[in-house]
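Written out below as structure tokens is the structure these notes cover.
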Protein chains: 2
Amino acid sequence: MTVGIRDVARAAGVSTATVSRALGKGPVSEALRAQVDAAVRATGYRPNLSARRLRSQATQTVGLIVADIRNPFFTAVSRAVEDAAYDAGMRVILCNTDEDSAREAMYLRLMEEERVSGVIFAPTRATAEALGPGDLPFPTVFIDRAGPPGLHDSVVLDNAGASAALVDHLVAKGFARIGGLFGSTSSTAQERRDGYAAAMARHGLDACVRSVLPQADAAEAAASAWLEEPGRPEALVLSNGQILMGAFRAARRRGLRIPNDLALAGFDNEPWTDLVDPGLTVIEQPVAEIGAQAMRLLFERIATPDQPVRKVTLSGRAILRGSTGAA
Amino acid sequence: MTVGIRDVARAAGVSTATVSRALGKGPVSEALRAQVDAAVRATGYRPNLSARRLRSQATQTVGLIVADIRNPFFTAVSRAVEDAAYDAGMRVILCNTDEDSAREAMYLRLMEEERVSGVIFAPTRATAEALGPGDLPFPTVFIDRAGPPGLHDSVVLDNAGASAALVDHLVAKGFARIGGLFGSTSSTAQERRDGYAAAMARHGLDACVRSVLPQADAAEAAASAWLEEPGRPEALVLSNGQILMGAFRAARRRGLRIPNDLALAGFDNEPWTDLVDPGLTVIEQPVAEIGAQAMRLLFERIATPDQPVRKVTLSGRAILRGSTGAA
DNA sequence: ACAAGTGTTGAAAACGTTTTCATAATTCAT
DNA sequence: ATGAATTATGAAAACGTTTTCAACACTTGT
């Protein structure tokens with residue numbers, strides 16, 4: 001029923017080997033190549049990628065495993081990754097783990113079974129810490145969140161530096177009782193927390209941090225409760241866009257005026273942070289650059305498996321808006 | 001080097017056929033099944049999905065082709081689709097076309113070459129109109145946007161009805177000079193435009209529509225120019241979340257107070273529409289339901305290829321907020 | 001004119017599975 | 001006890017490609 005390469009070969013009056021070479025880049029005379037092209041068109045032939053991958057042992061595929069596809073940070077990164085992959089003639093298998101390590105394990109096994117050329121991975125902290133040498137039997141680049149130190153390439157933000165910049169800015173604006181609400185599932189959130197704490201210490205201020213699942217509703221509940229307590233913070237640092245949204249919702253629900261009653265500074269320059277009133281001060285991550293660099297590292301790792309491990313650290317850009325009393 | 005099913009067979013002292021059956025659901029005695037399981041663990045065997053798919057001629061894969069993965073509508077739908085696929089033991093290949101028909105063609109060809117079991121597709125208007133019988137040689141369910149009438153299953157919103165509801169609401173609130181800004185690339189936008197026009201006519205009002213690429217920056221430019229003209233509309237209906245965002249930006253840039261100077265009503269209940277001041281009146285789409293229904297239709301079509309074409313129309317829910325002078 | 005290249009081509013092997021098909025072992029009805 | 005039906009197993013074919021290998025047809029340098 002379905003038309004295969006032997007049908008094309010028969011139609012063109014050549015061998016299957018010649019058809020295969022004509023379709024690829026093998027040496028074929030111009031005359032035969034034209035015959036083959038005509039036969040392909042005439043038969044409506046479509047190569048079978050499963051067969052091709054099996055025989056050639058080259059899947060031309062990379063995996064991209066992210067924690068939350070609804071988070072604009074990851075969708076933006078995935079766009080950059082796909083563009084780079086597409087330019088290199090590769091396909092991307094996009095996987096969404098929902099910050100769930102069981103799903104991570106499942107997708108990592110899938111990557112093995114698909115025989116992908118490599119994987120770009122944003123792991124949960126639990127998985128990153130449990131990973132030993134050899135657990136990832138394919139070239140891997142960690143993204144956003146570093147894996148076990150020294151084992152794999154990674155491209156991450158200067159999280160501590162970015163957090164410190166937010167604290168410095170808040171201090172300069174006159175805030176002192178600055179709290180921090182950070183995600184509980186990623187090493188990135190942990191680094192941001194540490195950067196926050198270090199900066200607070202540097203300014204001689206008391207750090208006060210809480211952890212929460214990196215989702216808007218969880219963050220809203222946590223922030224709302226916090227803001228009700230006596231001695232509540234007069235400014236909040238939030239470790240990603242979802243948590244920032246939750247905190248903003250909580251402040252509004254409590255009727256707090258921003259920045260007078262509560263200042264807000266967070267991560268991820270999502271479109272809406274500029275739409276609300278006042279605009280929210282955020283660290284903008286170079287999302288396209290992160291995706292592109294990750295693909296670059298991955299390709300180089302695939303080409304040269306034994307080269308030393310590399311870590312690319314990119315800087316965020318602080319965008320100062322009304323939520324911290326700026327501009 | 002890499003361990004295959006014959007290595008497992010050798011380790012377990014059985015034939016490859018038995019290993020295959022033990023791994024699948026073939027009839028194997030308990031004793032041998034245990035031996036095979038042990039051998040699998042001992043060897044660290046991972047099945048090669050390419051080989052499996054080639055031999056079994058069952059890819060266990062569906063394609064999902066959307067127009068813009070950054071649009072929260074599509075990410076939400078894709079989540080629902082993936083969940084349903086996962087429950088059925090299927091994989092999803094997610095493709096993003098950027099509203100570009102060349103990329104659509106490329107991905108449709110990829111779907112053929114991957115020999116997917118079926119495809120869920122949100123086509124551009126250009127592609128939908130150009131599609132004839134037999135152009136899609138796999139089971140296909142159109143989503144969000146209907147394809148050529150009567151050829152394929154589809155699950156869509158009652159776009160005309162939803163648009164009309166927005167117009168009715170605006171009229172009830174006392175607005176008369178109501179303009180409409182609609183996307184130019186989708187049949188969905190077209191239906192929303194028609195629904196708007198019909199409702200305006202029903203109220204004895206003049207319709208006034210413009211088209212724009214469904215992206216925030218394009219919509220902002222178009223809306224901004226429009227709002228500068230004499231006789232500008234006092235209310236605007238916007239055909240999706242991106243265009244709504246553009247219009248909101250334009251209004252703010254022009255210093256127009258909402259809803260006093262300009263009322264806004266649009267589609268897609270994205271998180272930020274509730275965060276801005278005033279909140280934006282929108283039609284909420286049943287995104288999870290859309291994805292789940294699409295998968296259901298697709299599975300049924302795969303199981304029974306010759307059943308009559310079905311079209312599922314879901315209703316949106318109007319969420320009335322301050323941007324139209326409501327609540 | 002001859003040996004040695006240089007390039008094109010086809011036959012057949014190979015990729016790692018699943019699925020037929022035949023066979024051996026078991027159960028069951030008589 | 002015997003033949004028929006059932007069940008578990010293995011050998012080998014099959015899935016649709018790419019790649020090896022040998023053969024062939026040319027050039028080319030001498």
Side-chain angles (χ1 to χ4, degrees), chain A residues 1-37 39-40 43-61 89 91 109-117 137, chain B residues 1-37 39-40 43-61 89 91 109-117 137:
Chain A
M1 190 60 218
T2 167
V3 30
I5 205 176
R6 43 204 327 139
D7 301 300
V8 178
R10 197 173 312 122
V14 299
S15 72
T16 62
T18 298
V19 174
S20 176
R21 284 189 276 254
L23 262 37
K25 51 179 163 40
V28 185
S29 68
E30 270 316 307
L32 285 197
R33 188 181 296 271
Q35 284 181 44
V36 170
D37 286 352
V40 165
T43 56
Y45 168 73
R46 289 281 181 270
N48 182 317
L49 290 187
S50 293
R52 177 174 286 178
R53 286 198 270 254
L54 171 60
R55 171 59 232 216
S56 69
Q57 301 285 76
T59 57
Q60 305 283 54
T61 299
R91 257 198 356 99
R109 181 164 50 230
L110 177 66
M111 296 300 100
E112 285 192 67
E113 300 186 349
E114 292 278 4
R115 303 294 194 269
V116 295
S117 308
Chain B
M1 189 58 220
T2 166
V3 29
I5 205 176
R6 43 203 329 137
D7 301 299
V8 177
R10 197 174 312 122
V14 299
S15 73
T16 62
T18 298
V19 175
S20 176
R21 282 189 276 252
L23 261 38
K25 50 181 162 42
V28 185
S29 68
E30 271 316 307
L32 285 197
R33 188 181 296 271
Q35 285 181 44
V36 169
D37 285 354
V40 164
T43 55
Y45 168 73
R46 287 282 180 272
N48 182 317
L49 290 187
S50 293
R52 177 173 287 180
R53 286 198 268 255
L54 170 59
R55 172 59 233 216
S56 68
Q57 299 287 77
T59 56
Q60 305 282 53
T61 299
R91 263 202 346 103
R109 182 162 50 228
L110 177 66
M111 296 300 99
E112 284 190 68
E113 300 185 350
E114 292 277 4
R115 303 293 195 272
V116 295
S117 309

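What you see is a predicted model; the values in this text were computed from it and never measured. Chain identifiers are assigned alphabetically (A, B, ...) following the order of the sequence lines, protein sequences preceding nucleic acid strands; residue numbering begins at 1 within each chain.
The CZ atom of B:R53 sits 9.0 Å away from the CG atom of B:N48 when rounded to the nearest 0.5 Å. One distance of note links CE of A:M111 with OG1 of A:T59; it measures 10.0 Å at 0.5 Å rounding. Taking CD of B:Q35 as the start and OG of B:S29 as the end, the distance is 8.0 Å to the nearest 0.5 Å.
In this structure the side chain of A:R91 reaches within 4.5 angstrom of the side chain of B:E114, judged on heavy atoms. B:V40 is listed as a side-chain neighbour of B:L23, based on a closest heavy-atom distance under 4.5 Å.
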Heteroatom pairs (N/O) under 3.5 angstrom, protein to nucleotides 22-27 of chain D:
none

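If one axis is set at each end of the helix from C:dA1-D:dT30 to C:dT30-D:dA1 from five pairs, those axes are 30° apart, to 10°.
For A:E113, the side-chain contact (heavy atoms from CB on, under 4.5 Å) partners at least two apart in sequence or on another chain are A:R109, B:R46, B:P47, B:L49. By the side-chain contact (heavy atoms from CB on, under 4.5 Å) test, A:S15 pairs with A:A17, A:T18, sequence neighbours left out.
For the residue pair A:V28 and A:A22, the shortest heavy atom distance occurs at CG2-N, 3.6 Å. Nearest approach of A:G24 to A:R33, heavy atoms of both residues: O-NH1, 4.1 Å.
Using a 4.0 Å heavy-atom cutoff across all strands shown, A:L32 reaches sugar-phosphate atoms only and no base atom.
For residues 3-24 of chain A, every residue pair satisfying the salt bridge (Lys or Arg N to Asp or Glu O under 4.0 Å) rule, not counting sequence neighbours, is listed here: A:D7-A:R10.
Atom P of nucleotide C:dG7 and atom CD of A:E30 are separated by 15 Å, given to the nearest angstrom.
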Practice task
Let me have a per-nucleotide readout for nucleotides 16-24 of chain C, 5' to 3', with B, S or -, counting only protein heavy atoms under 4.0 Å.
Solution key: BBBBB----

